[in-house]
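In what follows, a single structure is set out as structure tokens and then discussed.
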Amino acid sequence: MNILMVGAGGNGSKLLVSLVRAQRALSLLGRAPLRVVLVDPDTVSEANLVRQAFLPADLGRPKAEVLVSRVNLAYGLNWEWRARAFRPADLHGVQLVISAVDSRQARRAIAEAIGTSVLWWLDMGNDVRHGQVLLGRGTAQMPYPHERLPELVEGEDDDRPSCSALEAVMRQDLLVNDMAAIWAAELAWQVIKDGKPKYLGVFFDLERGTVRSIPTEVVCPTGAKTNSC
């Protein structure tokens, strides 16, 4: 399967390791390997060293290069990185696009590039202590993330950067990215291994300790959408 991941920050840097694990599991199952491309224009800053999977030695280097070079060296992979913003051409030949971005503008770019294509789109998003992971395929039964939650692409962004590690933790709590990444990894694995998901996403809240899943929908002969006919 060809996978494009857009974003190598708090969520993306944590998810990449799970994709490596998926790759190793596929190898044991005798399945075709994953081809992963990671796209991100940012470089590693001091503020990234608490919530994101980077080390002090990575400061100043492109995030995408750091992460992909590290897993390639450690696991003998040949995955690719592109230290730039997403481009529509990046979707060529992709079966699963994963967005781990922190702006509506970035999601809009992906949504516009996908258009009416039928490919899997897995999106991760979070606030300070809660977030969502949404999966879709652009069909009536499996809408794309922005079709389910228009606010993901509508409105203006807060583009203020986190200037320190302390501010980064205050704006997004320490483990919220780990939670988003593990649910995204589970949904990605369902698509990679089985070709379809058991549910279409989750909403999680670390403050209340709750997780709510989004069931898959089927269309019955009556035309009604439900979990089962």
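The shown structure was predicted, so the numbers you read here are calculated from the model rather than taken from an experiment.
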Exercise for the section: Decide whether S69 and N72 meet the rule of one side-chain donor and one side-chain acceptor closer than 3.5 Å. Expected result: no
Problem - Heavy-atom pair of closest approach, residues M124 and A184 - result: SD-CB, 3.3 Å
Exercise for the section: Spell out, yes or no, whether L77 and L96 are grouped together once hydrophobic residues are joined by side-chain heavy atoms under 4.5 Å, including indirect joins. Expected result: yes
Exercise for the section: Show the numbers, then the answer: is there a side chain to side chain contact (heavy atoms under 4.5 Å, CB included) between L91 and V97? Expected result: CA-CA 8 Å; L91 291 177; V97 57; 4.1 Å; yes
Problem - Pairwise side-chain contact, L4 with V39, heavy-atom cut-off 4.5 Å (strictly under) - result: yes
Exercise for the section: Report yes if the side chains of V133 and D123 come closer than 4.5 Å at any heavy-atom pair, otherwise no. Expected result: no
Exercise for the section: Applying side chain to side chain contact (heavy atoms under 4.5 Å, CB included), run through Y144 and L135 and close with a yes or a no. Expected result: CA-CA 7 Å; Y144 282 136; L135 176 68; over 6 Å; no
Exercise for the section: Could you go through the side chain to side chain contact (heavy atoms under 4.5 Å, CB included) check for L67 and W81 one step at a time? Expected result: CA-CA 9 Å; L67 295 175; W81 57 270; over 6 Å; no
Problem - Whether over 12 other heavy atoms sit under 6.0 Å from I182 CD1 - result: no
Completion exercise
To the nearest 0.5 Å, atom CZ of R107 lies from atom NE2 of H146 at 11.5 Å
Practice task
Please tell me if the side chains of W120 and M142 come closer than 4.5 Å, counting only heavy atoms from C-beta onward.
Solution key: yes
Problem - Distance-only donor-acceptor check, side chains N126 and N11, under 3.5 Å - result: yes
Exercise for the section: Look at D40 together with R84 and state whether they make a salt bridge at an N to O cut-off of under 4.0 Å. Expected result: no
Practice task
Grab the two heavy atoms, one from L119 and one from Q95, that are nearest each other, plus how far apart they are.
Solution key: CB-O, 3.8 Å
Handout entry: Check: L134 and F203 side chains under 4.5 Å, non-hydrogen atoms
Key = yes
Practice task
Look at the rings of W183 and Y199 and say which category their plane angle falls in: under 30° parallel, 30 to 60° tilted, over 60° perpendicular.
Solution key: perpendicular
Problem - 4.5 Å side-chain heavy-atom contact, F54 and K63 - result: yes
Practice task
State plainly whether the residues R129 and D205 are in salt-bridge range, i.e. N to O under 4.0 Å.
Solution key: no
Problem - Non-hydrogen atoms of L200 and P215 that approach each other most closely - result: CD1-O, 4.0 Å
Practice task
Could you name each residue pair satisfying salt bridge (charged side-chain N to carboxylate O under 4.0 Å, His left out) that touches residues 11-36, not counting sequence neighbours?
Solution key: K14-D178, R35-E80
Problem - Heavy atoms from other residues, nucleotides or ligands near CG of D194 exceed 12 (cutoff 6.0 Å) - result: yes
